[in-house]
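Because the structure is predicted, anything quoted here is derived from the model rather than measured. Both backbone and side-chain heavy atoms feed into the values below; hydrogens, waters and symmetry mates do not. In what follows, chains carry the letters A, B, and so on, assigned in the order in which the sequence lines appear, proteins first and then strands, with residues in each chain numbered from 1.
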Amino acid sequence: MVHWTAQEKQLITNIWGKVSVEECGAEALARLLIVYPWTQRFFSSFGNLSSPTAIIGNPKVRAHGKKVLASFGEAIKNLDNLKGTYSKLSELHCDKLHVDPENFRLLGDILVIVLAAHFTKDFTPACQATWQKLVGVVAHALAHKYH
Amino acid sequence: MVLSAADKTNVKNAFSKIGGQAEEYGADALERMFATYPQTKTYFPHFDLGKGSAQVKGHGKKVAAALVEAANHIDDIAGALSKLSDLHAQKLRVDPVNFKLLGQCFLVVVATRNPALLTPEVHASLDKFLCAVGSVLTAKYR
């Protein structure tokens with residue numbers, strides 16, 4: 001089980017309280033598809049992903065980004081039981097969606113960069129360290145049920 | 001992975017906008033790397049890694065200078081960084097995984113200090129560039 005210090009929990013909730021799940025989620029997913037274009041392989045039903053502009057404006061990308069980041073919100077409410085929280089989603093990503101867990105790590109890194117751009121100097125090294133830990137642990141939890 | 005003409009333009013423009021602050025970006029990236037990925041500190045047992053360390057600042061300046069050099073010779077990064085590549089292969093032998101970690105931190109620094117610069121397209125180009133630099137530095141490892 002992952003241990004979170006009081007400071008880490010504070011850094012997580014402080015940032016999360018000021019995040020627009022819709023905006024950050026959309027941006028993170030769009031950047032994932034732009035920066036690591038091979039990730040588009042999972043989204044052939046999303047329509048036009050032919051350019052960064054198309055991706056950013058794509059309503060399915062926005063909607064899915066929001067959904068993905070909303071699930072982070074659940075994680076943050078359950079920091080002491082991430083494996084449990086993500087158990088069903090882990091099975092889904094393995095058995096139905098067939099997503100290589102490496103993609104969770106890629107998205108996590110992108111999310112940190114999106115937060116950094118949003119919070120600028122308030123995204124201190126301590127803040128970054130905490131959030132990289134969080135995205136790493138979420139990625140691990142999402143991969144946990146893979147077989 | 002190949003840098004397109006657009007990537008090269010994006011990278012050159014980005015470094016031109018970063019300009020004289022490159023040294024600070026380098027130091028900031030290192031500080032963040034040590035905080036976020038403590039295992040990277042194992043390569044610097046001889047350094048004071050405390051906040052504001054002059055050694056970290058000095059090293060950040062070197063790292064930044066290498067990135068600037070690579071950006072200025074973006075058509076031949078391998079040529080521009082050949083000596084650094086030898087150094088990393090023969091003496092430093094930093095495990096290849098760590099270049100990605102520093103690359104991530106460098107992007108975070110750009111995001112925190114100049115978010116407007118880091119459009120999705122520039123983000124993609126810089127990420128590719130940093131990967132290319134890492135590849136060059138580890139190319140002679142074996």
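- If you tally non-hydrogen atom pairs under 4.5 Å between each of A:Ile110, A:Val112, A:Val35, A:Thr124 and chain B, the highest count goes to A:Val35.
- Under 4.0 Å is where a charged nitrogen must lie from a carboxylate oxygen, and between A:Lys88 and A:Glu91 no such pair does.
- Chosen from B:Ala111, B:Ala116, B:Pro38, the residue pairing most often with chain A at heavy-atom distances under 4.5 Å is B:Ala111.
- Contacts between B:Phe34 and chain A at a heavy-atom distance below 4.5 Å are absent for every atom of the residue.
- The greatest number of non-hydrogen atom pairs below 4.5 Å with chain A, out of B:Arg113, B:His123, B:Arg32, is found for B:Arg32.
- The candidate with the highest count of non-hydrogen atom pairs below 4.5 Å against chain B, out of A:Asp109, A:Ile55, A:Ile56, is A:Asp109.
- Contact of B:Ser125 with chain A is not made at all, since no heavy-atom distance falls under 4.5 Å.
- With a 4.5 Å cut-off on non-hydrogen atoms, A:Tyr36 touches chain B through its side chain but not through its backbone.
- Taking the six-membered ring where the residue is Trp, the centroids of B:Phe15 and B:Phe129 are separated by under 6.0 Å.
- When all heavy atoms of A:Ala26 and A:Arg62 are compared, the pair lying nearest together is CB-CA, 3.8 Å.
- When the candidates B:Val109, B:Leu107, B:Thr112, B:Asn114 are compared by the number of heavy-atom contacts under 4.5 Å with chain A, B:Thr112 comes out ahead.
- Distance alone, capped at 3.5 Å, places no donor-acceptor pair between the B:Lys61 side chain and the B:Gly26 backbone.
- Ring centroid separation for the pair B:Tyr43 and B:His59 does not come in under the 6.0 Å cut-off.
- By the 6.0 Å contact criterion, NZ on B:Lys140 is enclosed, its count of non-hydrogen atoms from other residues, nucleotides or ligands being greater than 12.
- B:Ser4 and B:Asp7 share a donor-acceptor pair across their side chains, judged by distance under 3.5 Å alone.
- When each of B:Cys105, B:Ala124, B:Ala35 is checked for heavy-atom pairs under 4.5 Å with chain A, B:Ala124 comes out on top.
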